[in-house]
J.: 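Below you will find the structure I want to go over with you.
The basis for the numbers below is simple: all heavy atoms, side chains too, and nothing from hydrogens, waters or symmetry mates.
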Amino acid sequence: MARLSFREQVLRVREDAIVNSVNRLLAEKGFEAMTVDEVAADVGIAKASLYKHFSSKEALAAAAMVRVLQRALQVIDEQAAKAHYTAFDCLREVTRWTLQTQLAGEMPSLPSQNSSLRATLVADKVYVDLVMEVSERLGQWIVQAQQDGSLTAQLPPEVILYTLYARACDPVPGFLKASGQYSDEQIVDWVLSTCLDGLASRPETPA
């Protein structure tokens with residue numbers, strides 16, 4: 001692989017800084033409230049310089065989502081490498097990572113409906129390919145967990161998949177953290193329990 005020139009290295013470092021800033025601002029404020037001016041000021045560059053890297057606010061959000069999906073795939077690979085883990089274990093740990101990332105303020109918050117942003121994301125081949133790969137990998141685990149009885153077979157796999165995806169924008173962790181009464185670890189464990197175990201009462205196992 002060809003070595004990057006000094007200029008290319010500087011540009012890559014700047015782009016990383018921009019995406020990191022966008023990621024944090026999207027997590028804090030959401031797409032609608034975030035502005036390109038804020039991103040430029042946060043990174044410490046001129047707005048015109050920022051536009052040399054990313055053509056629009058939508059392109060900035062797409063870059064942040066690509067970064068998160070790339071990290072998600074790394075987490076998926078890490079769980080898949082654990083030979084003693086079941087499919088359910090892998091799903092639980094990927095969901096745990098999602099909640100931890102959200103509580104750390106590193107999960108982009110995007111609107112559920114936004115025509116300009118949606119158009120940008122759908123047109124971004126890297127983003128679409130990553131979404132497809134993450135969905136396929138998680139979907140395989142869901143089917144395996146349904147087959148071994150770890151997850152209910154009464155729900156279509158895509159319903160479970162979208163339920164797990166929804167944890168990335170679940171408001172419950174933020175509400176619990178804002179109360180100041182619970183640790184991040186407690187919050188993650190409780191939300192995992194309600195998501196994967198449900199809320200129905202079950203008889204306690206005798207000690």
Side-chain angles (χ1 to χ4, degrees), residues 26-27 30-31 65-104 106-115 117-118 121-122 124 126-179 181-207:
L26 284 174
F31 178 78
M65 288 305 303
V66 164
R67 177 74 61 84
V68 169
L69 287 169
Q70 288 171 333
R71 178 61 185 132
L73 272 179
Q74 291 177 353
V75 174
I76 288 171
D77 286 338
E78 290 166 5
Q79 306 315 313
K82 298 175 180 176
H84 62 291
Y85 266 26
T86 65
F88 183 85
D89 292 333
C90 293
L91 289 169
R92 181 191 63 227
E93 293 310 307
V94 172
T95 307
R96 183 187 300 278
W97 168 79
T98 300
L99 292 167
Q100 290 172 335
T101 301
Q102 188 201 130
L103 283 172
E106 299 171 358
M107 183 64 71
S109 176
L110 303 182
S112 57
Q113 298 292 330
N114 181 286
S115 58
L117 177 56
R118 179 176 175 79
L121 292 175
V122 170
D124 190 318
V126 175
Y127 169 81
V128 172
D129 287 348
L130 285 169
V131 169
M132 294 297 292
E133 185 169 359
V134 168
S135 297
E136 182 177 350
R137 298 283 296 277
L138 294 179
Q140 290 172 351
W141 282 336
I142 289 169
V143 171
Q144 290 174 24
Q146 288 182 311
Q147 290 173 345
D148 68 27
S150 301
L151 286 175
T152 178
Q154 296 177 338
L155 294 173
E158 59 266 29
V159 171
I160 297 176
L161 175 65
Y162 295 145
T163 298
L164 297 182
Y165 271 148
R167 303 289 66 75
C169 53
D170 189 341
V172 173
F175 290 149
L176 292 174
K177 185 166 185 173
S179 73
Q181 300 181 59
Y182 315 109
S183 68
D184 284 4
E185 184 178 0
Q186 286 177 311
I187 294 170
V188 169
D189 284 343
W190 289 334
V191 175
L192 272 177
S193 179
T194 59
C195 175
L196 296 176
D197 302 328
L199 298 172
S201 176
R202 293 172 176 78
E204 293 186 8
T205 302

J.: I need the minimum non-hydrogen distance between Phe88 and Ser150, along with the two atoms involved.
T.: CB-CB, 3.7 Å
J.: Any chance the side chains of Thr194 and Trp190 put a donor and an acceptor closer than 3.5 Å?
T.: no
J.: Could you grab the distance from atom CG of Leu99 to atom SG of Cys195, nearest 0.5 Å is fine?
T.: 7.5 Å
J.: If you measure from OH on Tyr162 to CG on Leu138, what distance do you get to the nearest 0.5 Å?
T.: 12.0 Å
J.: Could you please spell out the steps behind the side chain to side chain contact (heavy atoms under 4.5 Å, CB included) verdict for Leu91 and Leu151?
T.: CA-CA 10 Å; Leu91 289 169; Leu151 286 175; 3.8 Å; yes
J.: Using a cut-off of 6.0 Å, state whether more than 12 heavy atoms not belonging to Glu158 lie near its atom CD.
T.: yes
J.: Looking at CD1 of Ile142 and CG of Leu161, how far apart are the two atoms once the value is rounded to the nearest 0.5 Å?
T.: 4.5 Å
J.: Would you name the heavy atoms of Val188 and Arg96 that are closest together and state the gap between them?
T.: CG1-CG, 3.6 Å
J.: Could you walk me through whether Glu133 and Leu69 pass the side chain to side chain contact (heavy atoms under 4.5 Å, CB included) test, one step at a time?
T.: CA-CA 9 Å; Glu133 185 169 359; Leu69 287 169; over 6 Å; no
J.: With no hydrogens and no angle check, is any side-chain donor or acceptor of Asp77 less than 3.5 Å from a backbone partner on Gln74?
T.: no
J.: Salt bridge or not between Arg71 and Glu78? Use side-chain N to carboxylate O under 4.0 Å.
T.: yes
J.: I need the His84 NE2 to Asp89 CG distance, nearest 0.5 Å.
T.: 7.5 Å
J.: Write down the atom of Tyr182, the atom of Ile187, and the distance for their closest heavy-atom approach.
T.: CB-CG1, 3.9 Å
J.: Minimum heavy-atom separation for Thr163 to Arg167, with atom names?
T.: O-NH1, 2.5 Å
J.: Testing the basics here: between Pro173 and Val191, what is the closest heavy-atom pair and its distance to 0.1 Å?
T.: CG-CG2, 4.1 Å
J.: Would Asp184 and Gln100 satisfy side chain to side chain contact (heavy atoms under 4.5 Å, CB included), going step by step from the backbone distance to the final call?
T.: CA-CA 8 Å; Asp184 284 4; Gln100 290 172 335; over 6 Å; no
J.: Does the side chain of Leu73 reach to within under 4.5 Å of the side chain of Arg137, using non-hydrogen atoms?
T.: yes
J.: For Gln79 and Arg92, indicate whether the former's side chain and the latter's backbone hold a donor-acceptor pair under 3.5 Å.
T.: no
J.: Can a donor-acceptor pair be found, under 3.5 Å and without considering hydrogens, that links the side chain of Ser179 to the backbone of Leu176?
T.: yes
J.: With side chain to side chain contact (heavy atoms under 4.5 Å, CB included) as the test, would you mind laying out the steps for Gln146 and Ile160 before giving the verdict?
T.: CA-CA 10 Å; Gln146 288 182 311; Ile160 297 176; 3.6 Å; yes
J.: Please give me the minimum heavy-atom distance between Cys90 and Tyr85, naming the atom from each residue.
T.: SG-CB, 3.9 Å
J.: CZ of Arg67 to CD of Glu106: how many Å apart, nearest 0.5 Å?
T.: 11.0 Å
